[in-house]
2 protein chains.
Amino acid sequence: MKSLVSRCPIEEVMQLLSGRWPTLLIYYLKQGTKRFSDLRRDNPTISHKMLSLELRKLEDAGIVERTEFGGYPLRVEYQLTPGGHRLVPLIDALGYWWETTSDGGGHSSSAGAEPVVSNTVLRD
Amino acid sequence: MKSLVSRCPIEEVMQLLSGRWPTLLIYYLKQGTKRFSDLRRDNPTISHKMLSLELRKLEDAGIVERTEFGGYPLRVEYQLTPGGHRLVPLIDALGYWWETTSDGGGHSSSAGAEPVVSNTVLRD
DNA sequence: TCGTGGTTACAAAAAGGTGCGTAATTTACT
DNA sequence: AGTAAATTACGCACCTTTTTGTAACCACGA
């Protein structure tokens with residue numbers, strides 16, 4: 001076990017949602033029920049392993065529900081839980097925030113307060 | 001430029017907010033202007049390297065404004081930009097979502113989603 | 001043999017920590 | 001007086017830890 005104490009909930013959520021995949025998977029999952037291979041098609045750059053890893057993480061967190069149908073070839077379906085659905089608008093809001101705040105290209109906005117030095121040295 | 005064009009804004013935000021520190025720093029910064037050493041005190045486990053790295057990332061993203069005062073010992077102050085302030089309630093909402101959906105912290109009220117294992121051991 | 005969902009072992013890459021150096025000025029000690 | 005140390009916010013180099021990718025394997029029925 002790595003860490004045991006839950007400091008603030010924000011840390012917890014971010015630990016869950018951090019990385020490229022969690023929000024992306026939620027994004028695709030909000031479209032409805034998806035199978036493993038569907039999600040791979042939706043997002044071709046995720047590796048097999050990552051997908052099953054992330055899916056399990058979301059499942060453990062109660063965001064995604066996994067339904068396994070018997071038989072072969074094995075069939076498994078994933079869908080958002082009610083809790084997962086409640087999360088969607090929050091994630092969307094973040095996306096909207098991004099669009100409206102730092103839009104497109106550079107944002108310089110020299111605020112011009114009292115301090116002496118210039119604000120930012122630009123980098124790559 | 002390092003990354004390709006912006007796919008969906010959600011990916012962008014998450015790339016920015018992913019990790020332990022960004023949201024934490026925003027959390028502390030919403031209390032007002034902070035200096036480098038203040039933030040280190042607020043969060044003793046962050047290394048000075050990480051702090052300056054994350055701070056610069058947030059600055060580049062337009063969330064944090066860095067104000068450098070001349071003189072020695074050098075003094076630098078950090079504060080949220082208006083955009084950064086707009087981000088705060090969204091992050092709070094995520095925290096609230098976590099509290100109300102999954103009880104990780106040791107609250108009561110089993111949500112009744114799955115057979116509970118032992119409540120002491122939780123896997124990452 | 002293929003196709004599905006998943007796991008494991010190993011390798012690569014990314015993230016993160018430690019410690020040293022730097023600046024200009026004040027304070028501390030000799 | 002003169003030297004040494006501390007201060008603040010970093011950058012850089014080096015090293016460890018964590019995460020992610022690759023590839024192969026398993027199950028089994030068509």
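Values in this document were obtained by computation on a predicted structure and should not be read as measured data. When reading the values below, keep in mind they use all heavy atoms of this one structure, side chains included, and skip hydrogens, waters and symmetry mates. Proteins get letters first, then strands, A, B, ... in listed order; numbering begins at 1 in each.
Listed in residue order, the members of residues 38-47 of chain A having a heavy atom less than 4.0 Å from DNA chain C come to none. For the contact set between residues 69-81 of chain A and DNA chain C, defined by any heavy atom under 4.0 Å, the members are P73(A), L74(A), V76(A), Y78(A).
Remark: L90(A) pairs with L87(A), A93(B), L94(B), W97(B) by the side-chain contact (heavy atoms from CB on, under 4.5 Å) rule, at least two apart or across chains. Considering only residues two or more places apart in sequence or on other chains, Q79(B) meets the side-chain hydrogen bond (donor to acceptor under 3.5 Å, both in side chains) condition with none of them. Residues meeting the salt bridge (Lys or Arg N to Asp or Glu O under 4.0 Å) test with R40(B), sequence neighbours left out: none. Among residues two or more places apart in sequence or in another chain, the side-chain contact (heavy atoms from CB on, under 4.5 Å) test is passed with T81(A) by E65(A). The salt bridge (Lys or Arg N to Asp or Glu O under 4.0 Å) test applied to R35(B) returns no partner, not counting sequence neighbours. Qualifying side-chain contact (heavy atoms from CB on, under 4.5 Å) partners for Y72(B), counting only residues two or more places apart in sequence or in other chains: none. Remark: R86(A) pairs with no residue by the side-chain hydrogen bond (donor to acceptor under 3.5 Å, both in side chains) rule, at least two apart or across chains. Listed by chain and number, the residues in a side-chain contact (heavy atoms from CB on, under 4.5 Å) with D92(A) are K30(A), V88(A), I10(B) (sequence neighbours excluded). Residues passing the ring pair (Phe, Tyr, Trp, His ring centres under 6.0 Å) test with H48(A) are F36(A), sequence neighbours excluded.
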Filtered N/O pairs between nucleotides 7-14 of chain C and protein, under 3.5 Å:
unit_1	atom_1	unit_2	atom_2	d
dT7(C)	OP1	R56(A)	NH2	3.4
dT7(C)	OP2	R56(A)	NH2	2.8

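Salt bridge absent: K57(B) and D60(B) never bring a charged side-chain N and a carboxylate O closer than 4.0 Å.
If you measure from atom CG of L55(B) to atom P of dG16(C), you get 14 Å, rounded to the nearest angstrom. At whole-Å resolution of the value, CD in Q15(B) and P in dT20(D) are 13 Å apart. Atom CG of L51(B) and atom C1' of dA15(C) are 16 Å apart (whole Å). In this structure, E54(A) places its CD atom 18 Å from P of dG5(C), rounding to the nearest Å. Rounded to a whole Å, the CE atom of M50(A) is 18 Å from the P atom of dG5(C).
Of the side-chain N and O atoms in R35(A), one or more sit less than 4.0 angstrom from OP1 or OP2 of dG5(C).
Contact of the C8(A) side chain with the E11(A) side chain is registered, since non-hydrogen atoms from C-beta on lie closer than 4.5 Å.
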